[in-house]
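None of the values given here were measured: they were computed from a predicted structure.
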Amino acid sequence: MRARGGAAAVRPEHLAAHARLVKSADADAFLVTSVMRAYLRASLPLQALLVLRGLLTRAPRLLANSFSLSLALQACAASAAAIPLRAATATPPLGASLHARALKSGFAAADIFVRTALVEMYAKAGRAELARAAFDEAPRRDVFLCNVMLAAYVSRGEVAEARTVFDGMRDRDLVSWNTMIHGYAVSGDVGMAREIFDGTADRDAFSWSSMISAYAKGRRSKEALELWREMRVAGVAPDCITMVSVLSACSDMGALAIGAEVHQFVERNRVEVDVKLGTALVDMYAKCGDIDNSLKVFRAMPVKDVLTWSSTIIGLANHGLGHDALSLFSEMISQGLQPNEITFIGVLIACTHVGLVSDGKKYFSSMSDIHGVAPRIEHYGCMVDLLGRAGHVEEAMELIRSMPFEPDAVIWRALLGACRIHKNVEIAEEAMARLRVLDPLADGHYVLLSNIYAQANSWEGVAEMRKTIRRENIQRVPGRSSIEWENTVHEFVSGDRSHPRFGEIYKMLEEMMDRLKQAGYRPMTSLVLQDIDEEAKKQALAEHSEKLAIAFGLLTTPARSTLRITKNLRACEDCHSAIKLISLVYDRKLVVRDRNRFHHFSEGQCSCKDYW
DNA sequence: ATAGGGTTAG
């Protein structure tokens with residue numbers, strides 16, 4: 001199989017041959033092609049270009065054949081791709097002279113390989129119109145040439161153009177179909193990607209991986225996992241890339257059992273774990289609530305890159321293990337690795353979730369002072385979160401005023417969240433005023449502010465929010481919680497009665513609520529925004545999606561085993577206190593992933609120490 | 001001898 005990405009090394013005989021080319025004009029054309037090919041395979045396009053320069057000035061006759069000429073054009077294409085050129089200077093002078101040479105010698109017309117390399121060179125240089133012209137002027141087109149044109153359009157995000165070429169092709173091979181699936185996938189058109197996928201005969205791992213990643217990217221993870229199942233039924237062998245796509249869907253859904261199954265598949269079939277697959281495994285375990293296995297995979301990886309480290313740091317931070325995250329960061333630095341913007345997001349989240357305000361400030365200023373990473377608005381967002389959550393709401397406000405960015409909705413939302421924790425109605429109202437302009441349709445802030453009013457016993461405020469939601473026709477995002485059982489993700493929305501076992505689930509729920517009440521649980525009915533009576537509010541709280549998922553979990557899993565729940569929204573306060581009691585009353589560990597972080601419940605306590 | 005699929009964020 002051809003090596004991709006991870007480049008083949010340049011062998012000594014190629015280096016020796018290169019030396020001969022430099023010294024003598026008598027070298028033969030065969031040598032030229034083999035040396036350039038070696039450099040291109042080794043992802044050393046500039047070396048290939050060096051060979052080419054030497055030939056053009058000292059031994060141009062060696063280019064007078066279709067093999068050398070097409071490889072020379074490929075060298076230009078690869079170096080143009082390696083050094084992104086701005087449009088104004090994008091006509092590669094070398095490439096243009098090769099083009100002229102190809103026309104004059106007749107190879108551009110006579111040889112389809114030369115023609116293909118020409119199209120590709122212009123495509124890689126960002127000159128789509130020149131690529132298209134070279135394509136249109138081709139005296140003859142084969143599948144290969146068309147595929148290069150398809151890929152050129154797809155890489156520019158011009159999938160409609162690609163489609164026109166695709167529709168005009170007399171013959172199409174698997175690569176043509178796969179390119180179109182990918183093209184629709186990256187343009188976000190999952191439906192069209194699926195149409196092409198369905199029309200593809202004899203799909204290979206590329207086809208399946210493209211389609212699975214299309215679903216994963218579109219946050220349609222359930223369908224991604226369904227397709228992974230079908231792929232194995234179809235008997236197509238997955239590779240590294242397939243599994244990375246599948247794991248990202250598992251991460252999204254919190255599907256630990258399926259993710260672990262993929263991991264076992266990797267080990268059983270001795271699939272080579274490259275950095276990306278390793279990172280995907282680390283990320284999957286962390287996002288599915290199994291931080292121990294995440295670290296185990298991390299430690300076992302022989303080669304790690306900045307994404308691997310960042311992913312692990314973020315994982316630890318989200319599990320509330322801020323100190324571990326920070327010591328991992330130190331370890332990374334002491335190994336001489338350069339952190340990036342995302343690494344610092346992880347570092348700042350670590351500080352935020354543990355409440356390390358002064359450390360957070362120190363890390364924030366070290367970004368530009370020591371590590372040469374300019375803070376972006378996201379980092380200011382983390383700082384606002386850090387300060388606000390720790391109770392420094394005024395200081396957070398100061399930071400927003402002084403930062404070199406126009407504050408966005410994320411920033412104000414973080415401040416609003418802080419106001420909920422620290423009961424600051426005044427600043428909450430100011431944040432809300434901004435949010436109503438910047439992100440008027442998101443329901444979350446209205447709910448937050450209403451909760452803040454409820455805390456302050458400002459019932460006219462609560463009523464006002466309720467009215468606003470109705471008047472502005474704000475669509476509430478329904479809370480969804482899922483739990484895995486027998487390798488299937490079971491998802492619940494509030495008040496869900498669609499599950500086949502809903503009768504048993506509601507019976508368990510009723511028993512659960514009774515036992516909680518005996519243990520001192522009091523429903524926080526003031527959190528309910530619907531205009532209904534007290535009893536109905538209690539019922540609405542009891543039927544929150546996470547409680548349904550837990551009832552299902554209690555019903556289906558052996559005593560004392562850990563329940564893992566994944567929720568799409570921020571943890572609800574009522575559920576948070578209820579789950580603490582559940583962990584005590586039922587003697588269970590529960591790991592709940594909410595929109596922001598993980599909560600590990602055990603013996604009546606939560607790892608977040610009620611700080612989220 | 002030339003073409004197609006993948007990972008980290010509040």
Side-chain angles (χ1 to χ4, degrees), chain A residues 2 4-5 33-34 36-37 40-41 66-68 70-71 73-74 77 111-120 123 142-152 154-155 173-183 185-186 193 203-214 216-217 238-248 251 274-284 286-287 305-315 317-318 339-346 348-349 352 376-386 408-411 413-414 417 570 595-597:
Chain A
R2 201 159 49 91
R4 297 184 59 87
T33 55
S34 60
M36 283 207 291
R37 196 176 306 121
L40 290 175
R41 283 208 184 132
S66 62
F67 283 70
S68 306
S70 72
L71 268 156
L73 286 163
Q74 282 173 52
D111 189 275
I112 199 151
F113 286 86
V114 171
R115 172 67 56 178
T116 308
L118 205 52
V119 172
E120 198 181 12
D142 65 359
V143 181
F144 224 102
L145 179 58
C146 294
N147 285 347
V148 169
M149 198 63 233
L150 281 183
V154 164
S155 72
D173 66 5
L174 197 47
V175 173
S176 328
W177 291 89
N178 288 348
T179 306
M180 288 310 298
I181 297 171
H182 175 64
V186 294
R203 303 163 188 145
D204 65 0
F206 279 75
S207 332
W208 288 95
S209 304
S210 303
M211 196 60 230
I212 290 172
S213 92
K217 278 198 195 110
D239 60 15
C240 259
I241 296 181
T242 320
M243 285 183 279
V244 171
S245 308
V246 174
L247 288 170
S248 86
S251 302
D274 66 7
V275 183
K276 290 170 181 171
L277 180 51
T279 305
L281 283 166
V282 166
D283 189 53
M284 179 278 294
K287 290 214 176 108
D305 65 10
V306 63
L307 269 75
T308 319
W309 288 89
S310 305
S311 191
T312 314
I313 289 168
I314 290 164
N318 282 335
N340 68 12
E341 292 94 339
I342 312 271
T343 320
F344 279 105
I345 298 271
L348 297 176
I349 299 170
T352 301
R376 298 199 306 220
I377 191 162
E378 289 89 341
H379 299 101
Y380 281 93
C382 291
M383 288 307 288
V384 169
D385 203 17
L386 170 72
D408 61 9
V410 178
I411 299 260
R413 169 77 196 228
R570 217 176 47 82
R595 198 190 172 86
N596 293 330
R597 62 169 295 161

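For A:Ile345, whose side chain is taken as the heavy atoms from C-beta onward, the closest listed nucleotide among B:dA9, B:dA1, B:dG5 is B:dA9. Here the side chain of A:Ala151 is nearest to one of B:dT2, B:dA3, B:dT8, namely B:dA3. Looking at the side chain of A:Ser213, the nearest of the listed nucleotides B:dG6, B:dA3, B:dG10 is B:dG6. You'll find that the side chain of A:Lys287 is closest to B:dA9, out of B:dA9, B:dA3, B:dG5. Of the candidate nucleotides B:dT8, B:dA9, B:dA3, B:dA3 has the atom lying nearest to any side-chain atom of A:Val175.
Counting non-hydrogen atoms under 4.0 angstrom, A:Ile342 reaches a base of the nucleic acid. Looking at heavy-atom distances under 4.0 Å, A:Ser245 makes contact with sugar-phosphate atoms alone, never a base. Across all strands, A:Asp274 comes closer than 4.0 Å to base atoms (heavy-atom distances). Using a 4.0 Å heavy-atom criterion, one finds that A:Leu348 contacts no nucleic acid atom at all. Note on A:Glu120: only backbone sugar-phosphate atoms sit closer than 4.0 angstrom, heavy atoms only; bases stay farther off. Among the heavy atoms of the strands, none lies under 4.0 Å from A:Asn596. Residue A:Arg203 is classed as having no contact, given no heavy-atom separation below 4.0 Å to the nucleic acid. Within 4.0 Å of A:Ile349, counting heavy atoms only, lie sugar-phosphate atoms of the nucleic acid but no base atom.
Residues forming a side-chain hydrogen bond (donor to acceptor under 3.5 Å, both in side chains) with A:Ser311 (at least two apart in sequence, or on another chain): A:Asp283. The side-chain contact (heavy atoms from CB on, under 4.5 Å) test applied to A:Ser248 returns A:Ala216, not counting sequence neighbours.
A:Gln74 has its CD atom 7 Å from the C1' atom of B:dA1, to the nearest Å. When the P atom of B:dG5 is taken as reference, atom CD1 of A:Ile181 falls 11 Å away, rounded to whole Å. Atom CG in A:Asp283 sits roughly 13 Å away from atom C1' in B:dG6 (whole-Å rounding). Nucleotide B:dA1 holds its P atom 19 Å from the CG atom of A:Asn147, rounded to whole Å. Here B:dA1 presents its P atom at 13 Å from CG of A:Asp111, a figure rounded to the nearest Å. Note: CD1 (A:Ile212) to P (B:dT7) measures 12 Å, nearest angstrom. In this entry the distance linking CG of A:Leu150 with P of B:dT2 reads 19 Å, nearest Å. Put simply, CG on A:Asp173 is 12 Å from P on B:dA3, counting in whole angstrom units.
Residue-to-nucleotide contacts include a donor-acceptor pair under 3.5 Å from the side chain of A:Ser209 to the base of B:dG5. A donor and an acceptor atom never sit less than 3.5 Å apart when one is taken from the side chain of A:Thr179 and the other from the base of B:dG5. The base of B:dG5 is paired with the side chain of A:Asp239 by a donor and an acceptor separated by under 3.5 Å.
Within the structure, every side-chain polar atom (N or O) of A:Lys217 is placed at least 4.0 Å from both OP1 and OP2 of B:dG5. Contact between the side-chain N/O atoms of A:Asn318 and the OP1/OP2 oxygens of B:dA9 is not found at any separation under 4.0 Å.
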* Asked: Can you check side chain to side chain contact (heavy atoms under 4.5 Å, CB included) on A:Arg37 and A:Leu40, steps first, answer last?
  -> CA-CA 5 Å; A:Arg37 196 176 306 121; A:Leu40 290 175; 5.7 Å; no

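For the residue pair A:Thr33/A:Ser68, the side-chain donor-acceptor check at 3.5 Å is not satisfied.
In this structure, CG on A:Asn318 lies 12.0 Å from CD1 on A:Ile313, to the nearest 0.5 angstrom.
Ring stacking holds between A:Phe113 and B:dA1, with the centres under 5.5 Å apart and the planes within 30 degrees of each other.
For the residue pair A:Gly315 and A:Ala286, the shortest heavy atom distance occurs at CA-CB, 4.0 Å.
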